[in-house]
Amino acid sequence: MNSIKKEFDSLVKSVEDKESLKQLKSSFVGKKGKITHFFKQMNGLPDVSKREFGRKINELKGYIEDEIRKKSQEIDKFVKQRALEQELIDISLPARINKFGAVHPITKTIIEIENIFQSLGFNVEIGPEIEYDKYNFEMLNIPKEHPARDMQDTFYVNDNVLLRTHTSPTQIRIMKDTPPPVMFVSPGKVYRRDSDITHSPMFHQIEGLLIDKNIRFSDLKGVLIQFLQMFFGDVPVRFRPSYFPFTEPSAEVDIGCIMCKGKGCRVCSHTGFLEVLGCGMVHPNVLANVEYGKEYNGFAFGLGIERFAMLKYGIDNIKLFFENDIRFLNQFSYMAGKTL
Ligand code: PHE
């Protein structure tokens with residue numbers, strides 16, 4: 001038995017693969033193996049010796065089986081190790097970083113403005129870009145001879161249908177379907193025959209409307225000053241008398257120039273102020289057109305998103321919004337300016 005153990009020990013050392021190990025196993029503990037052979041020899045022995053002999057063989061058998069199991073694990077480990085080396089994966093290569101998409105600066109500005117008005121209690125409504133002449137002009141108290149209705153200024157689809165020239169028709173759409181009070185802002189695309197460094201034939205506006213009982217011009221001023229200072233920071237705000245057919249009285253609103261802080265520069269034409277929106281108390285004719293009772297009144301306002309975005313982000317050409325140059329857009333990425 002000792003010589004068999006020695007023989008096994010020296011053989012098992014030189015085994016390097018699973019197949020040879022299998023053969024070695026069967027030549028010792030297999031059906032015709034050396035150990036099995038011992039069991040067969042036991043038959044002729046007296047009972048006392050049988051027990052002692054049997055215990056020793058079982059011990060040796062257990063030892064051999066253990067060693068073979070260990071060797072098998074060693075081979076597995078070795079094979080895996082060799083495969084890893086041969087496959088040559090360089091685990092020190094840096095991972096590929098997925099790029100984060102960017103929200104378009106116009107969308108970003110719309111979301112910021114919506115958030116401010118929602119925090120003040122306004123809803124968000126959406127109107128169509130292809131609109132009836134009736135809603136875009138007529139019901140907004142814009143008479144037939146008004147210059148905005150000229151073919152020079154408006155894209156017509158046919159005599160009664162056009163591409164809306166402002167978001168104000170959404171006022172009509174909401175009021176004719178909703179009993180007062182109403183309180184909403186409405187962002188979207190608008191179209192005008194106009195194109196230069198600050199004008200694009202398609203641009204974006206946000207409309208605002210609040211109708212209830214006993215609404216005063218001071219409510220309009222309070223809401224708009226609050227909004228402008230939430231959006232632009234602590235800027236001076238001033239109201240100038242103006243004219244819109246669908247509001248009376250009407251005003252245009254200026255903020256202190258963001259670029260020069262009111263000192264006067266090229267952007268503000270050396271006035272220290274920038275015009276940012278139009279507004280006014282909703283004209284009684286408009287309220288009558290949507291059959292609102294005389295006890296209701298309110299205010300409306302409209303602003304150009306591109307202008308807000310240009311001022312807030314220091315963009316000097318409106319074309320940048322529509323060219324989709326990835327270098328421009330990436331600056332509005334969630335990750336812009338951050339390093340991993
Ligand atoms: N619709 C106007 C424009 O496009 C803006 C405006 C909206 C003015 C609401 C007053 C009230 O210029």
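We count ligands from 1, going down the list as the structure has it; atoms in each ligand are counted the same way.
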Query raised in the report: Quick one: nearest non-hydrogen protein atom to atom 2 (C) of ligand 1, plus distance?
Result: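 Checked against all protein heavy atoms, atom 2 (C) of ligand 1 sits closest to Phe246 CZ, 3.8 Å.
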Query raised in the report: Which protein non-hydrogen atom lies closest to atom 5 (C) of ligand 1, naming both residue and atom, and how far is it?
Result: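 Here the closest protein heavy atom is Gly302 CA, 4.0 Å.
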[X] N/O under 3.5 Å from ligand 1 N/O:
X      : result
Glu207 : no
Gln171 : no
Gln205 : yes
Arg192 : yes

Query raised in the report: Angle class for the Phe28/Phe8 ring planes (parallel below 30°, perpendicular above 60°, tilted otherwise)?
Result: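 Geometry flag for Phe8 against Phe28: perpendicular rings.
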Query raised in the report: Between Phe232 and Phe308, how do the two ring planes meet: parallel, tilted or perpendicular, split at 30° and 60°?
Result: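 Rings of Phe232 and Phe308: tilted, as their planes differ by 30° to 60°.
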Requested in this report: Give me the one residue out of Asp133, Ile172, Asn160 that meets side chain to side chain contact (heavy atoms under 4.5 Å, CB included) with Glu138.
Outcome: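 When side chain to side chain contact (heavy atoms under 4.5 Å, CB included) is applied between Glu138 and each of Asp133, Ile172, Asn160, only Asp133 qualifies.
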Report task. In sequence, state the C-alpha distance, the side-chain angles, and the governing distance for Glu112 and Lys312, and then conclude on side chain to side chain contact (heavy atoms under 4.5 Å, CB included). Result -> CA-CA 11 Å; Glu112 283 177 49; Lys312 181 145 184 180; 2.8 Å; yes
Query raised in the report: For ligand 1, does Ser250 get within less than 4.0 Å through its side chain, its backbone, both, or neither, judged by non-hydrogen atoms?
Result: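 It is neither part, as no heavy atom is under 4.0 Å.
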Atom indices of ligand 1 within 4.0 angstrom of [X] heavy atoms, with elements:
X      : value
Ala300 : 9 (C), 11 (C)
Gly278 : 6 (C), 8 (C), 10 (C)
Ser168 : 1 (N), 7 (C)
Phe301 : 7 (C), 9 (C), 11 (C)

Query raised in the report: Between Arg240 and Glu275, is there a donor-acceptor pair closer than 3.5 Å when you use the side chain of the first and the backbone of the second?
Result: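 Not confirmed, Arg240 side chain does not pair with Glu275 backbone.
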Requested in this report: Answer yes or no: is there a donor N or O on one side and an acceptor on the other, between the side chain of Ser250 and the main chain of Phe244, under 3.5 Å?
Outcome: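 Judged by distance alone, yes, a pair lies under 3.5 Å.
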Query raised in the report: Can you find a side-chain donor-acceptor pair between Glu207 and Ser168 that sits under 3.5 Å?
Result: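 Indeed, the side chains of Glu207 and Ser168 share at least one donor-acceptor pair under 3.5 Å.
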Query raised in the report: Would the Phe227 and Phe117 ring centres measure less than 6.0 Å apart?
Result: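 Yes, ring centres under 6.0 Å apart.
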